[in-house]
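Down below is the structure, laid out as structure tokens.
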Amino acid sequence: MTEFQSQLKKYAEVAVKVGINLQKGQNLVIMATISAAPYVREVVKAAYEAGAKDVFVRWDDDQITRIRYDMAPMEAFEEAPLWLARGFEEMAASGHAFLSVLSPNPELLKGVDPKKIATSQKVNGEAMRPFSNYIKAGKVSWSIVAVPNEAWAAKVFPDLDPEAGIAALWDQIFRINRITTPDPIKSWEEHIKTLHDRCDFLNEKRLKKLHYRAPGTDLTIELADRHIWLGGAKKNTSGVPYTPNLPTEEVFCAPKKTGVNGTVKSTKPLNYGGQLIEGMSFVFENGKIVDFKADKGYDILKNLVDMDEGARYLGEVALVPHRSPISDTGLLFYNTLFDENASCHLAIGSAYAMNIEGGTELDDKGLEEAGLNTSITHVDFMIGSEQLDIDGETENGETIAIFRNGNWAI
Ligand code: ZN
Ligand code: ZN
């Protein structure tokens with residue numbers, strides 16, 4: 001076995017054991033891009049080794065996705081495949097675990113009619129809502145991992161030839177995911193404990209508000225009543241721990257839907273549905289985005305915030321130190337899974353029900369009543385930098401330094 005094959009196998013084991021923490025006799029569903037097949041085969045093996053009853057793979061192909069956007073008529077994007085949405089809902093209801101294997105091409109849909117993309121995202125978001133609710137409420141175990149491809153590697157390493165670029169991106173992904181440590185599973189357990197300790201600290205403080213200050217940013221975010229900070233592994237509603245994103249460096253919470261005021265500027269480009277948005281800033285009043293700008297991709301951003309009512313409000317506030325294995329690479333990954341874990345971020349759209357006490361018992365109406373935002377979308381954007389300071393304000397008015405110069409101050 002080559003060094004690479006051995007690392008690929010370990011990366012598959014981490015996805016199965018740390019990511020979804022597959023249980024004996026459980027079924028696994030993998031959503032993957034066809035270019036990631038060699039890795040997916042290792043995941044399938046690792047899943048059966050861990051006692052999976054069965055493994056189902058749903059493949060996508062980037063080239064076919066692009067062909068469809070270029071050639072299919074507009075009507076094709078106005079209808080979601082309901083059979084697929086029902087199938088996913090049924091699999092979630094019967095307790096399957098879900099793993100997404102991304103192999104993102106950051107500019108797959110560059111130049112495609114934005115109306116097709118916006119319509120497709122909206123229609124699919126609505127059709128998949130029952131399934132997404134299982135995911136957002138943590139009723140099922142799920143995780144996301146990523147695998148390099150040529151187009152992505154070329155974006156991250158523009159100076160390298162394709163083969164060297166892919167190798168360099170694999171090296172980074174293995175390192176960031178602790179695959180290069182002597183015992184990756186143990187390294188993950190230690191890392192998860194660090195994140196849990198941070199959450200414990202923040203949960204004990206019962207913060208009412210966070211104040212963000214950085215160049216172009218002066219923002220106040222009220223946290224939801226009965227909020228819970230989460231990070232690392234979480235427990236699904238059956239009590240089984242799982243780690244939703246690999247890598248993960250964040251601790252995150254639910255903002256109060258109507259409690260966001262001020263201005264915030266993004267610090268990294270956002271890859272949204274195969275297109276890039278750069279240089280964003282937002283103005284909030286009582287939680288609502290009342291003004292926004294983008295140096296590049298303004299129309300794409302406009303389609304996003306106009307997707308539904310909830311796309312004008314925030315659903316997540318996440319803290320990530322500027323010094324982390326990902327930001328230490330100094331690389332821009334043009335992919336949210338990596339870039340969000342290198343930077344403090346906020347999410348436009350739905351909040352996670354598990355971020356408030358009793359939230360997973362509530363439907364969308366109940367979540368709104370509890371002060372949380374609901375939407376068919378959830379898109380993270382990055383606001384962290386070494387110039388970011390964050391203060392927390394407790395219920396009795398005490399101010400605590402949470403971040404200084406982009407890193408934890410606690
Ligand atoms: Zn996040
Ligand atoms: Zn998010």
Side-chain angles (χ1 to χ4, degrees), residues 19 98 100 102 104 121 125 128 132-138 142-146 176-177 191-192 194-196 198-199 202 210 212 219 221 223-224 227-234 242-255 257 260 264 266-273 277 280 282 289 301 304-305 307 310-322 324-327 333-356 359 367 372-385 388 390 402-403 406 408:
F98 296 85
S100 286
L102 305 178
Q121 263 154 350
M128 294 298 273
S132 314
N133 285 343
Y134 276 91
I135 296 278
K136 281 185 289 194
W142 58 279
S143 195
I144 308 176
V145 290
I176 288 166
N177 277 301
H191 174 54
I192 287 167
T194 309
L195 294 172
H196 284 173
R198 294 246 154 82
C199 292
L202 292 167
L210 295 174
Y212 288 71
L219 186 73
I221 299 178
L223 297 175
H227 66 258
I228 305 171
W229 286 92
L230 294 170
K234 335 185 188 337
Y242 67 103
T243 310
N245 291 346
L246 300 178
T248 184
E249 302 288 333
E250 64 174 352
V251 299
F252 65 100
C253 199
K257 177 170 181 169
V260 183
V264 66
S266 71
T267 52
K268 288 174 195 266
L270 169 63
N271 174 12
Y272 173 61
I277 312 174
M280 291 176 282
F282 301 91
I289 297 171
L301 180 60
L304 167 61
V305 300
M307 191 168 283
R312 286 266 171 176
Y313 292 83
L314 294 184
E316 178 191 343
V317 37
L319 303 177
V320 183
H322 187 67
S324 80
I326 306 172
S327 27
F333 285 88
Y334 298 95
N335 179 265
T336 304
L337 179 60
F338 292 87
D339 293 331
E340 73 161 335
N341 279 303
S343 175
C344 282
H345 56 271
L346 303 171
I348 286 174
S350 62
Y352 287 102
M354 59 184 111
N355 275 127
I356 56 163
L367 291 172
L372 262 57
N373 188 30
T374 61
S375 168
I376 54 170
T377 196
H378 175 106
V379 178
D380 294 336
F381 63 97
M382 282 58 79
I383 61 166
S385 74
L388 177 64
I390 306 171
I402 306 285
F403 265 58
W408 286 101

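All ligand and atom numbering here is 1-based and tracks the order in the structure. When reading the values below, keep in mind they use all heavy atoms of this one structure, side chains included, and skip hydrogens, waters and symmetry mates.
Distances from the Zn ion (ligand 1) to each N, O or S atom of Glu316 single out OE2 as the nearest.
For the Zn ion (ligand 2), the N/O/S atoms of Asp380 include one lying under 2.8 Å.
With the Zn ion (ligand 1) as the vertex, OE1 (Glu250) and NE2 (His345) define an angle of 90°, rounded to 10°.
Counting only N and O atoms by type, the side chains of Asn245 and Glu340 include a donor and acceptor under 3.5 Å apart. Side-chain N/O atoms of Lys268 and Ser343 include no donor and acceptor closer than 3.5 Å.
Note that CH2 of Trp142 and CD1 of Ile135 are 6.0 Å apart. Values are rounded to the nearest 0.5 Å. Annotation: the span from Leu301 atom CG to Tyr272 atom OH amounts to 9.5 Å, rounded to 0.5 Å.
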